[in-house]
Each structure stands twice: as structure tokens, then as C-alpha cells.
Participant: 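To start, I am sharing the structure in question, which I have written as C-alpha cells.
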Amino acid sequence: MGKKFKPLTPKYPHMLHGGDYNPDQWIDYPEIIEKDIELMKKAHINNVSLGIFSWAHLEPKKDVFEFEWLDKVIEKLYEAGIYINLATPSGARPHWLADEYPEVLRVDEKGVRAHFGFRHNHCMTSPVYRERVRIINTKLAQRYGKHPAVIMWHISNEYGGECHCPLCQQAFRDYLKEKYVTVEKMNHAWWARFWSHTYSSFDEVESPGAISETAINGLWLDWWRFTTYQTTDFMKNEIAAVKAVNPEIPVTTNMMGLYDGLCYPKLAKEIDFVSWDSYPYWHVPNENVKEAYTESFTHDYIRCLKMKPFILMESTTGTVNWRPVSKMKKPGMHRLAILNAIGHGAESGLYFQIRQSRGSAEKMHSAVISHTGTENTRVFKEVSELGADMKKISDLIYGSDNPAAVAIIYDKESKWALNQSNGPRNCGLDYDGLCTQYYKYFWQNGIGVDVLDSSADFKDYKIVIAPMLYMYHNDIQDKLRKYVEAGGILLSTAFSGVADENDLCFLGEATDEKLSDVFGMWVEEIDALFEEEFNETFFGNDTYKLRELCEVIHTTTAETLAVYGNDYYKDFPVITKNKYGKGIAYHIAANCEIQLIEKMCSLLAEEAKITGILGNVSIPDGIGINYRENEAKRYIFVGNFSDKEKTVSLSKTYTNILNDGVVFDDVKLEPYGIVILEEDV
């Protein structure tokens with residue numbers, strides 16, 4: 001039975017519908033702002049994000065603050081029943097700040113300081129920048145922090161990037177001193193004797209990059225960890241300024257899904273709830289279903305950062321402007337995408353943007369209100385209809401849980417190390433793609449999945465899958481060993497358990513550090529295959545292709561379920577099963593096609609006695625199923641992400657809450673159609 005979560009935004013405990021609004025672009029057109037608010041009401045919009053890039057209009061000169069225009073906009077919105085996510089504007093500094101204090105601009109890895117321009121090119125170490133951000137944030141909090149319209153603080157915007165300026169270099173050295181205490185410990189952790197790169201003092205350390213050190217993997221890892229640390233510390237300073245005025249207003253920051261530049265679990269600890277900006281690439285020929293389960297995986301990853309519902313802070317109503325081919329969403333796709341997000345734990349459907357910009361880089365990015373400025377567009381009508389749907393389901397679903405019996409380990413630091421491992425294959429190892437392929441079977445069959453990093457606790461899951469977990473850290477060996485010993489089912493794949501938290505390879509054959517006792521085998525070597533090469537294996541009455549990486553393994557206590565069909569390691573194990581304690585540990589020693597992955601996931605589900613939420617029914621390809629539940633009801637989201645009509649057979653009667661209808665026997669879904677089925681828990 002699912003739990004009921006407390007509201008993310010207590011001042012307005014309902015599904016949020018709306019998005020980024022930039023009235024500062026229209027200050028000279030007051031009639032447009034009036035019209036926008038009128039159209040927002042027609043589109044059932046109840047929430048907007050304000051001030052994200054408004055610093056130059058809020059503080060046009062140093063210590064000269066102009067809030068009157070924002071006062072008027074907030075009052076007009078509130079009178080119309082529209083609540084505010086008020087942003088701190090640190091994502092794009094005004095020109096005067098860069099002119100007076102050049103240190104606030106970032107330096108790239110070649111030592112070149114950026115000119116003023118673009119956004120997010122500020123140094124997060126700069127004391128000057130931190131102080132100016134504190135001042136503007138405090139002014140905003142003092143003026144609006146207790147306004148009844150303001151329901152959350154939108155802290156900055158899409159934190160990311162790195163700076164290599166002298167201030168950041170010294171902060172990095174200080175970070176390393178605190179972590180390692182002695183330079184000798186740092187040298188050992190980095191294996192710095194390689195190529196005679198031993199450091200004599202912390203003062204010799206420079207950030208890795210194009211004109212400095214590139215061969216020490218431990219240095220790269222610590223630099224990326226430092227970047228996360230420094231970004232988090234900068235964000236904490238922003239939060240402190242607004243919380244000092246009114247600690248009751250929750251804070252969030254909008255993340256970017258599976259973005260590699262930061263370790264989001266660390267940022268998530270410092271905010272009240274997580275939000276993210278979702279821009280999947282819909283309608284690429286033959287790729288829409290793959291995009292759908294990748295997007296769903298990302299929703300679950302974001303939800304699990306706090307293990308509670310999240311805010312979908314940005315999405316697009318139609319097309320973006322920044323892809324090589326920026327495709328419009330086909331009819332129905334927008335509704336399907338937003339309701340799918342809600343099914344995975346979102347408490348909102350918010351967009352970039354409310355009104356389309358007239359000029360500059362984002363003028364061709366879709367919006368609720370297009371350049372026509374009217375309601376007579378397909379996009380506006382679809383947004384309005386979705387707004388009505390969200391209003392209908394809000395009181396039913398808001399705050400509901402996403403129970404999961406399966407966990408997939410998606411570990412950002414391990415991915416950093418994997419991508420920097422320098423062999424055996426320096427191309428084509430798609431860690432994200434592999435994780436989402438293991439996710440697909442459960443997504444299609446309506447089996448809940450939590451996406452967790454290695455710091456999590458796995459004891460309550462029936463199945464744990466660890467695709468290509470190259471780096472073992474956060475005591476993962478001890479946690480997984482206890483998990484299997486207590487009766488859990490674990491699956492590992494090729495190129496896992498290779499190195500420790502410093503990217504130092506584990507030594508020895510069958511060792512506890514590599515979990516050799518749990519898996520009952522050890523890896524002798526890894527063969528890397530060219531793109532056109534493949535091996536194969538016969539398993540479950542079918543033959544499957546094996547690609548990219550093939551481990552040559554030796555079993556100790558494991559049972560061999562399948563063997564290689566070709567090459568010098570023909571007849572060596574490729575799929576193994578080992579009983580350990582009360583549980584079972586499987587290992588797949590090669591990267592394989594998705595059909596074998598789905599076969600293995602089906603085997604795991606059968607072993608764990610897990611069935612899909614709709615029971616033992618056949619689910620057509622292209623259908624994605626997820627569900628939320630509370631103490632009384634379960635809500636099952638069944639979406640068709642294909643361009644063909646699909647029928648899903650049912651084993652019982654449900655109510656479709658989107659149209660107050662009763663469904664029996666089967667559900668027919670048009671292309672990009674979705675239903676939400678209600679049942680008692």
C-alpha cells in the first residue's frame with residue numbers, strides 16, 4: 001500500500017500547471033501582459049515561474065533596485081488565481097556586474113576568461129559574485145518572501161559548468177587538503193607515480209584539462225566531485241539568503257535529468273524537493289518508444305533523489321529551438337508526456353515558456369501563447385484541455401506514492417570513472433542507454449522501479465539490477481552482499497566492480513572487493529569488439545548477439561546458464577547464476593541486444609514472483625505503464641507511445657478517471673493516447 005506525502009507547496013497543495021513567464025521582456029507592452037493573464041486563465045494555468053533571468057531589470061545599476069514592475073505583475077497574477085515560483089536570478093548576471101568585477105566571469109580549461117554574454121558563465125567561487133547574489137536574493141526575499149502568491153523559491157536555473165580561474169584552483173587545492181590531509185595519501189589515491197607525475201605539495205595541483213593533466217583518472221574524479229561540492233555550496237548560500245526571511249517557503253532548483261556535470265544526489269540533500277527540466281526528442285523515426293522509456297527512467301531517477309514526488313519545472317508545449325531538427329509534438333503527444341510524468345511522481349506540468357519570445361535565441365521555441373497572441377492555435381487548445389484534465393485528477397492523485405519492487409543502480413560517479421577508464425573500449429559504452437534498456441521490461445509491464453545511486457539502501461527491494469557498475473564505492477560491496485544473503489535477487493553485467501572510489505583497479509582473482517563470493521566467479525580478461533563484430537549465445541531456445549565487451553570469466557561456485565558461441569573463449573560462461581545465502585546473484589558477462597536483456601528481466605521477475613500491475617496480460621510493444629497509489633486507491637497510467645493504435649487486454653474492470661468511464665475487457669489507445677485507471681488498493 002502506498003503512502004500519502006505532505007504537499008510540496010503547502011500554500012497551494014494542488015497539481016501545478018503553467019511555466020516560465022518573462023514579463024520583463026514585455027514591460028513596454030502592458031496590454032500584452034494583460035492579454036497573457038486572460039489567456040492563462042483560459043488555459044487553466046495556476047502557476048508561473050518569475051524572475052529567472054530578470055536581474056538586469058531588478059538591479060539595473062549597482063545597488064539601484066527596481067521592483068515596481070514585478071510588484072504589479074505579481075499582484076495581477078495573484079488576482080487571477082495564479083501562484084508564483086519566484087526565482088533567484090543568479091543564472092544570468094547583469095552587464096554592470098561583469099564590467100565592474102571581471103572575476104565573476106568563468107575561466108575555461110585553457111585559461112581564457114569569458115567575456116560577458118550567454119548565461120551560466122559565472123564563477124561560483126568568487127566572493128564578489130556570492131555577495132552580489134546574496135544581496136539581490138535578500139532584497140527579493142524581504143519584498144516577496146511573505147507574499148501569499150509566492151509558494152516556492154526557484155533557486156537559480158539549471159546549475160552546471162565549471163570554472164578554472166585562480167580562485168577555483170585554490171578552492172580545489174583546499175578541497176583536496178581537507179579530503180586527503182597529506183599529499184602522500186593523495187599521490188597514492190591518484191596512482192601519481194605513473195609517468196612520474198608525483199606531487200610534492202598540494203600547491204602543485206591544477207585542474208585537469210586541455211593544457212594541463214589529463215592522464216590521472218583520480219584527479220579527474222576529484223575535480224568533478226569538487227565541481228559538485230562547489231556548486232552545492234554556492235546554492236546553499238543562495239538558499240540561506242531567502243530562508244533567513246521566511247524559512248516556511250520551500251526551495252528547489254531545476255535539474256537537467258541525467259546531466260553528467262554534477263552529482264545530483266548531493267545537490268538534492270540541500271533542497272526541499274527536486275524539480276527538473278524535461279526535453280525528450282519525440283518523433284525521431286523508429287525511436288519514440290526508446291525515448292519514452294528513457295524519459296520514464298529519468299522521471300524515476302529524479303523522484304528517487306528525495307524519494308518523494310517532484311516538480312516537472314520545464315517542458316515544451318511543442319518544439320524546442322536548439323536541436324538540429326526541432327520537431328513539433330504531434331497531436332496527443334504533449335498530453336501523453338505530461339500525464340506520464342505525473343504517473344512517475346510529478347506534481348506539475350510546467351513549460352518553457354508561457355509566451356513566445358519575440359527576438360533573440362529562443363524566439364522559435366514553442367510556448368503556450370505563440371507569436372499570434374491568441375487562443376486559436378492547436379498548442380493552446382491542447383494545453384487548455386490538459387489543464388482541465390490536471391484539475392480533474394489533482395485531488396485524487398496529488399501526494400500519492402510510487403511503490404517499487406525493483407531497483408536499478410544508476411551511479412553518476414561510477415559513470416564518470418567509466419567514461420575516463422581509458423580502455424578497453426573508448427567509444428560506444430552507452431552507460432545511460434544500458435541502464436534504460438534494463439528498465440524497459442519493467443516499464444512496459446507496469447512493475448515499479450526506483451532508480452538509485454550506490455549510496456542508497458537496497459534491502460526492501462525484491463530485485464536489484466546494477467548495469468555496468470564499473471566503480472564500487474559507498475560500501476556497495478557490503479550492502480549488496482547483505483542484500484543477497486538476506487534473500488535478494490541481484491543482476492550484474494560486464495565491466496562491473498573493476499575499480500574503487502579512486503579508480504584504482506582491484507587486485508587479485510576471486511576477491512571480496514569484487515564480490516566474487518556473491519557472484520561465484522571471477523574475470524580473467526575483457527575482449528573489446530569492433531562495431532561490426534559480435535559474438536553470440538544460445539539461451540532459452542533463442543540465439544542472441546553479444547557486442548562491445550565480452551568478459552572471459554571463470555566460475556567458482558556459480559552455475560553456468562549460457563556460454564559464448566564463438567572466438568577463443570567459445571564455451572566459456574556468459575550468463576551465470578550463484579546462490580548466496582538466501583538469495584541469488586546473476587551475472588551477464590557481455591553487452592547484449594535488448595531482447596536478451598528483456599529475457600533476463602522476465603526471468604528475474606518470475607524468480608521474484610513479481611507480476612505487472614495489470615496482472616498476467618500481454619502488453620503490446622510501445623505501451624508504457626506506471627502507477628501511483630495512496631492508502632485507498634491505485635491509479636494506473638497506460639500510455640501508447642507509438643504511432644499505431646494499440647489494444648491492452650485487461651483482467652478486471654477499472655474506472656478511467658480522465659473521462660469518468662468504466663473500462664472492461666480491454667483498452668483501445670489511439671496513437672499517443674493515455675488512460676488513467678482507478679482501482680481500490
Side-chain angles (χ1 to χ4, degrees), residues 106-113 123 125 161-230 260-263 411-429 431 468-474 476-477 495-509 511 513-514 522-528 549 551:
R106 286 182 185 171
V107 172
D108 68 16
E109 62 182 39
K110 292 184 179 180
V112 178
R113 190 177 295 277
C123 171
T125 302
E162 56 193 53
C163 178
H164 298 257
C165 75
L167 292 170
C168 290
Q169 299 286 2
Q170 188 56 50
F172 181 43
R173 296 180 192 115
D174 293 341
Y175 171 86
L176 295 173
K177 287 177 186 176
E178 183 174 349
K179 178 176 181 178
Y180 291 109
V181 181
T182 68
V183 71
E184 290 79 15
K185 289 182 180 179
M186 183 186 75
N187 278 324
H188 183 271
W190 290 359
W191 212 247
R193 291 180 179 178
F194 174 79
W195 285 357
S196 196
H197 287 180
T198 304
Y199 293 88
S200 299
S201 73
F202 288 105
D203 292 337
E204 295 176 354
V205 176
E206 291 184 322
S207 61
I211 60 170
S212 56
E213 182 62 78
T214 62
I216 296 180
N217 296 356
L219 169 61
W220 279 105
L221 272 175
D222 278 334
W223 172 250
W224 291 323
R225 288 166 175 153
F226 163 75
T227 299
T228 292
Y229 171 84
Q230 202 71 346
D260 283 338
L262 297 169
C263 185
D411 192 272
K412 189 62 65 176
E413 292 195 24
S414 180
K415 182 183 178 182
W416 289 340
L418 171 71
N419 289 345
Q420 199 65 28
S421 66
N422 301 108
R425 208 173 190 277
N426 297 321
C427 61
L429 291 185
Y431 176 70
M468 204 154 49
L469 190 61
Y470 168 88
M471 183 173 73
Y472 281 173
H473 67 136
N474 289 323
I476 190 70
Q477 298 101 314
F495 215 33
S496 293
V498 176
D500 68 8
E501 67 275 7
N502 299 308
D503 201 18
L504 298 181
C505 292
F506 295 121
L507 304 178
E509 288 184 2
T511 70
E513 285 182 314
K514 300 178 185 179
W522 61 279
V523 179
E524 179 186 348
E525 61 186 27
I526 307 174
D527 186 24
L549 295 179
E551 293 177 330

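Sequence positions, counted from 1, serve as the residue numbers for this chain.
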Participant: Testing the basics here: between E413 and L221, what is the closest heavy-atom pair and its distance to 0.1 Å?
Facilitator: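 The answer is O-CD2, 3.8 Å.
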Participant: Just to verify, what does W223 make a ring pair (Phe, Tyr, Trp, His ring centres under 6.0 Å) with, not counting sequence neighbours?
Facilitator: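 If we apply the ring pair (Phe, Tyr, Trp, His ring centres under 6.0 Å) test to W223, skipping adjacent residues, the hits are H164, F172, F226.
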Participant: For T125 and A171, which heavy atoms make the closest approach, and how far apart are they?
Facilitator: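 Closest heavy-atom pair between T125 and A171: CG2-CB, 4.0 Å.
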Participant: Considering non-hydrogen atoms only, spot the tightest contact between E513 and Q477 and give its length.
Facilitator: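 Between these two residues, the closest heavy atoms are O-NE2, 3.1 Å.
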Participant: Which residues satisfy the side-chain contact (heavy atoms from CB on, under 4.5 Å) test with I211, sequence neighbours excluded?
Facilitator: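 So I211 forms a side-chain contact (heavy atoms from CB on, under 4.5 Å) with K110.
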Participant: Quick check against the 3.5 Å criterion: does N474 have a side-chain atom that pairs as donor or acceptor with the backbone of I476?
Facilitator: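 The answer is no, because no donor-acceptor pair under 3.5 Å joins these two groups.
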Participant: Using the side-chain hydrogen bond (donor to acceptor under 3.5 Å, both in side chains) rule, collect all pairs that involve residues 196-206, keeping only residues at least two apart or in two chains.
Facilitator: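 Every pair satisfying side-chain hydrogen bond (donor to acceptor under 3.5 Å, both in side chains) with a residue in residues 196-206: H197-E213.
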Participant: Less than 4.5 Å apart, side chain to side chain, heavy atoms only: is that true for L219 and V205?
Facilitator: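 Yes, their side chains come closer than 4.5 Å.
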Participant: Assess whether side chain to side chain contact (heavy atoms under 4.5 Å, CB included) is satisfied between M471 and L418, documenting all intermediate values.
Facilitator: CA-CA 7 Å; M471 183 173 73; L418 171 71; over 6 Å; no
Participant: Run the numbers on W224 and Q420 for side chain to side chain contact (heavy atoms under 4.5 Å, CB included), then give the verdict.
Facilitator: CA-CA 12 Å; W224 291 323; Q420 199 65 28; 3.6 Å; yes
Participant: Kindly give the heavy-atom pair with the smallest separation between R106 and G161, and that separation in Å.
Facilitator: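 The answer is NH1-CA, 3.5 Å.
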Participant: Do S207 and Q169 pair up side chain to side chain, a donor and an acceptor below 3.5 Å, judged on atom types alone?
Facilitator: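 Yes, because at least one side-chain N or O of S207 sits under 3.5 Å from a partner of the opposite role on Q169.
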Participant: What pairs with W522 under ring pair (Phe, Tyr, Trp, His ring centres under 6.0 Å), at least two apart in sequence or on another chain?
Facilitator: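 H554.
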Participant: Among residues at least two apart in sequence or on other chains, which ones pass side-chain contact (heavy atoms from CB on, under 4.5 Å) with P424?
Facilitator: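 Counting only residues at least two positions away or on another chain, P424 forms a side-chain contact (heavy atoms from CB on, under 4.5 Å) with F495, I526, A528, L549.
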Participant: If I compare all heavy atoms of G497 with all of K514, which pair ends up nearest, and what's the gap?
Facilitator: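 That would be O-CG, 4.0 Å.
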Participant: Going by the salt bridge (Lys or Arg N to Asp or Glu O under 4.0 Å) test, which pairs reach into residues 184-197, not counting sequence neighbours?
Facilitator: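 Every candidate salt bridge (Lys or Arg N to Asp or Glu O under 4.0 Å) pair involving residues 184-197 fails, so no pair, neighbours aside, qualifies.
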Participant: Say whether, by atom type as modelled, one donor and one acceptor occur between the side chain of W191 and the main chain of I216 under 3.5 angstrom.
Facilitator: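 Such a contact is absent between W191 side chain and I216 backbone.
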Participant: In Å and rounded to the nearest 0.5 Å, what is the CZ to SG distance from R173 to C168?
Facilitator: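 R173 CZ to C168 SG: 11.0 Å, rounded to 0.5 Å.
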Participant: Donor-acceptor pair, distance only, cut-off 3.5 Å: does the side chain of N419 make one with the backbone of W416?
Facilitator: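 Checked: no pair found.
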Participant: With a 6.0 Å cut-off (strictly less than), is the heavy-atom count around CD of E525, excluding the residue itself, greater than 12?
Facilitator: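 Yes - once you tally the heavy atoms of other residues, nucleotides and ligands closer than 6.0 Å, there are more than 12.
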Participant: A side-chain contact here means heavy atoms from C-beta on lying under 4.5 Å apart; do Y175 and R225 qualify?
Facilitator: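 The answer is yes; the side chains approach within 4.5 Å.
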Participant: Ignoring hydrogens and geometry, is there a side-chain-to-backbone donor-acceptor pair from Y431 to D411 under 3.5 Å?
Facilitator: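 Side chain of Y431 to backbone of D411, a donor-acceptor pair under 3.5 Å: yes, one is there.
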Participant: For the atom pair OH (Y470) and SG (C505), what is the distance rounded to the nearest 0.5 Å?
Facilitator: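 With rounding to 0.5 Å, OH (Y470) is 5.0 Å from SG (C505).
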Participant: I'd like to know if the side chain of T227 and the backbone of E162 have a donor-acceptor N/O pair within less than 3.5 Å.
Facilitator: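 No; judged by distance alone, with no hydrogens or angles, the pair does not exist.
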Participant: Does any non-hydrogen side-chain atom of P208 lie less than 4.5 Å from one of T214?
Facilitator: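 No, every pair of side-chain atoms sits at 4.5 Å or beyond.
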Participant: What heavy-atom pair brings R113 and C165 nearest, and what distance separates the two atoms?
Facilitator: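 Closest approach of R113 to C165: NH2-CB, 4.2 Å.
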Participant: For W190 and Y180, take the angle between the two ring planes, folded into 0 to 90°, and tell me which bin it lands in: parallel under 30, tilted 30 to 60, perpendicular over 60.
Facilitator: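 Because their plane-to-plane angle is over 60°, the rings of W190 and Y180 count as perpendicular.
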